[in-house]
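Every heavy atom of this structure was used, including side-chain atoms; hydrogens, water molecules and symmetry mates were not. Each ligand, and each atom within it, is numbered from 1 in the order the structure gives.
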Amino acid sequence: MDGQAQRYDAIILGAGAAGLMAAARAGQRGRRVLVLERADRVGKKILISGGGRCNFTNLGAGPANYLSSNPHFAKSALARYTARDFLGMVERHGIAWHEKTLGQLFCDGSAQQIVDMLLEECARARDFGGEVAIRCGEEIDSVEHGSELGFAVTTQSGHHAAPALVIATGGPSIPKMGASGFAYDLARQFGLKIVEPRPALVPLTLGGEEVLFREISGVSAPVVAMAGPKGKQASFPEAALFTHRGLSGPAILQASSYWRPGETVTVNFLPEEAPGWLTGLKRTTPRLTLRAILRERLPQRLADILADRIGLMSELGNAPDKALAEAEKRLAAWQFTPNGSEGYAKAEVTVGGIATTELSSKTMEARRVSGLYAIGEAVDVTGWLGGYNFQWAWASGVAAGDAL
Ligand code: FDA
């Protein structure tokens, strides 16, 4: 390495949600921290999150709301830094917030307030004898590890060294914002295993006979969407939205994280109806058709397409009970077989990543590489839609920040 390296206590790669949180915590413990960010500004995903208002946490966040090859891994960090802890920080900074639905907390104002808060927390390091230096527009040329300097990071602006290095560069979702698999490449360089990543919280595409559903693009309805292995399906009672490419809306985005190519997504279009409801209606309103009944309960264009595909045209009174029971079953468990997803270009997050088996669940430090840490979306812990992913970023950032 040519030239003198600037020395720090820790270098954090990535000034996103997790990286900034870890920097603030370590700085407030008196550490000298350097944060290297490739983009021209910090926290870009925070700024676009929650429609610009940042769904910064979820009051119900717990391990059950996360996907990971090891469902127990997130427990410790989530328990030690909770949604209430983050909310306390938000309130200390005088940021007005509201609960939108299902425990999802948003800023009343803008996501910029969350970024400003994190930067102020980083600046407060000085009150504790620490320092957080944040440098944007830094392309990482190389990372080396040796006994003398610890970790040596070279960027176009020079050489930096520290005994601790934190990988906080996120996942590859939304490449047009500069997201990439950098975290995985770096982890592999140090011999860490990667759980195969795939796009999550992503719209699904329909082909074949199911393209018919693309004709009702723009229609949405409250449903229960289910995906995942038989017997262990995750189910999400939220809205589904039909798009010109297939399926979206919160219920489908949630299910997409559990879906794998070739598998089906099951949708209950009438979750409010108890078993036997259709044969019950045959007795009370025998003159009605299935189409008319569905139009009373669902948006008309959706009702029509479902009625057409079930193909039960006669009045209920003339339909055999068996056919009605069959129709009921299909409406409660409609099977879509998506032919793909809209990919990383549209995925809010990435499932998979740096294997949790490689990391300490207490500190996020690599078990086999002393001083190397990984946090946030780069790790194989992925939250549901609704503020859970930021809560993981905060909690894992705190876990590492308190250990640096
Ligand atoms: P994050 O992606 O935030 O930060 C990584 C940082 O590393 C970035 O600043 C990046 O530029 C930088 N970087 C990448 N490669 C680098 C390199 N080679 N060198 C240096 N720096 C590099 N979650 C939630 O809980 N509530 C919400 O409302 C939303 N909304 C939302 C909307 C949209 C459109 C998206 C795409 C995502 C969300 N999310 C969300 C998910 C949330 O944004 C995500 O889980 C967190 O930002 C992850 O935090 P990290 O710090 O791990 O990565």
From the candidates [options], the one that places a heavy atom nearest [atom]:
| atom | options | answer |
| --- | --- | --- |
| atom 23 (N) of ligand 1 | Trp394, Phe390, Trp392 | Phe390 |
| atom 19 (N) of ligand 1 | Leu201, Asn389, Ile140 | Ile140 |
| atom 16 (C) of ligand 1 | Thr169, Leu385, Val42, Val349 | Thr169 |
| atom 52 (O) of ligand 1 | Glu377, Glu37, Gln391 | Glu377 |

Stepwise side chain to side chain donor-acceptor pair (under 3.5 Å) test for Ser173 and Glu377: CA-CA 10 Å; Ser173 48; Glu377 199 180 322; 3.3 Å; yes
Ring geometry between Trp334 and Phe269 (parallel below 30°, tilted from 30 to 60°, perpendicular above 60°): perpendicular
Phe213 and Phe336 aromatic ring geometry - parallel, tilted or perpendicular at 30°/60° bounds: perpendicular
Side-chain ([X]) to main-chain ([Y]) donor-acceptor, under 3.5 angstrom:
| X | Y | value |
| --- | --- | --- |
| Asp402 | Ala399 | no |
| Arg25 | Ala403 | no |
| Glu358 | Leu192 | no |

Of all heavy-atom pairs between [X] and [Y], which one has the smallest distance, and what is that distance?
| X | Y | result |
| --- | --- | --- |
| Trp392 | Ala77 | CZ3-CB, 4.1 Å |
| Gly27 | Val132 | CA-CG2, 4.0 Å |
| Tyr373 | Thr363 | CD2-O, 3.2 Å |

What atoms of ligand 1 come within less than 4.0 Å of a heavy atom belonging to [X]?
| X | answer |
| --- | --- |
| Gly387 | 24 (C), 25 (O), 26 (N) |
| Gly16 | 3 (O), 4 (O), 6 (C), 9 (O), 51 (O) |
| Gly50 | 28 (O), 30 (N) |
| Tyr388 | 25 (O) |
| Gly376 | 52 (O) |
| Ala17 | 3 (O), 49 (O), 51 (O) |

Counting non-hydrogen protein atoms only, what is the nearest one to [atom]? Give residue, atom name and distance.
| atom | result |
| --- | --- |
| atom 29 (C) of ligand 1 | Ser49 CB, 3.6 Å |
| atom 2 (O) of ligand 1 | Lys45 CD, 3.6 Å |
| atom 34 (C) of ligand 1 | Ile48 CD1, 3.4 Å |
| atom 51 (O) of ligand 1 | Ala18 N, 2.8 Å |
| atom 20 (C) of ligand 1 | Arg38 N, 3.2 Å |
| atom 53 (O) of ligand 1 | Gly170 CA, 3.5 Å |

Member of Thr82, Asp85, Leu118 meeting the side-chain contact (heavy atoms from CB on, under 4.5 Å) criterion with Trp394: Leu118
Test log, rule side chain to side chain donor-acceptor pair (under 3.5 Å), inputs Glu99 and Gln104: CA-CA 5 Å; Glu99 179 176 347; Gln104 302 171 7; over 6 Å; no
Quick one: does ligand 1 sit under 4.0 Å from the side chain of [X], the backbone, both or neither, non-hydrogen atoms only?
| X | answer |
| --- | --- |
| Phe56 | neither |
| Ile174 | side chain |
| Leu36 | backbone |
| Phe182 | side chain |
| Ala168 | backbone |

Close approach, Glu348 and ligand 1, non-hydrogen under 4.0 angstrom: yes
Heteroatom proximity flag, Asn55 to ligand 1, N/O under 3.5 Å: yes
Salt bridge Glu121-Arg124, side-chain N to carboxylate O under 4.0 Å: yes
Verdict with reasoning, Glu315 to Thr289, per side chain to side chain donor-acceptor pair (under 3.5 Å): CA-CA 4 Å; Glu315 293 175 356; Thr289 60; over 6 Å; no
Test side chain to side chain donor-acceptor pair (under 3.5 Å) applied to Asp380 and Ser69, step by step: CA-CA 7 Å; Asp380 173 31; Ser69 300; 3.0 Å; yes
